[in-house]
Structures are given as structure tokens and as C-alpha cells.
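Just below is one structure, and these are the notes that go with it.
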Amino acid sequence: MTNQAGARLEEPEAIQRLATEKETAEYICDLLKQLELMARTSGLVRLQYLLRESVEEAERAAAGA
């Protein structure tokens, strides 16, 4: 498969996974929690809300993976 510039892209099946889906979701959840704390301490209320929603989604993904 190639992109518009002609560079070759790997097929999704050929990409070697570095972590399981559960591990990935847990890692992303941890990052999001840290970002949410930064947003909260900076008074970025809307961003905090969006990050909290993302944390909850990552937690669901980690639990279901």
C-alpha cells in the first residue's frame, strides 16, 4: 500500500504490537489522568471535562480488552 506521496505503508497486520490492547488502554488512561490534573490545576475547566471523559473511555477499554 502507498500513500499520496508514494511512500510505502505497512499493512495493519504486519505491524508488530508493542503491548496488548489492555496495556495500551491502561497506559493511555494514566497519561490522560496526568493531563486532567494539569488542566484542573490550571483552571482549564472545559479541557478538564473532556479529559475526564477520555479517562472514563480508556478505563472502559482497559476493562473490556
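Side-chain atoms are counted along with the backbone in the values below, which use heavy atoms only and exclude waters and symmetry mates.
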query = Salt-bridged, R17 to E23, with N to O below 4.0 Å?
reply = no
key: OG on S54 to CD on E59, rounded to 0.5 Å   = 11.0 Å
key: Separation of Q48 CD from R40 CZ (nearest 0.5 Å)   = 5.5 Å
ILVMFWY clustering at 4.5 Å (side-chain atoms), partners of L51 = I28, L32, L35, M38, L44, L47, V55
message = Show the nearest heavy-atom pair for residues A62 and K22, with the distance to one decimal.
response = O-CG, 3.6 Å
Sequence-distant partners of E53, side-chain hydrogen bond (donor to acceptor under 3.5 Å, both in side chains), two or more places apart = none
key: Electrostatic pair E57-R60, nearest N-O below 4.0 angstrom   = yes
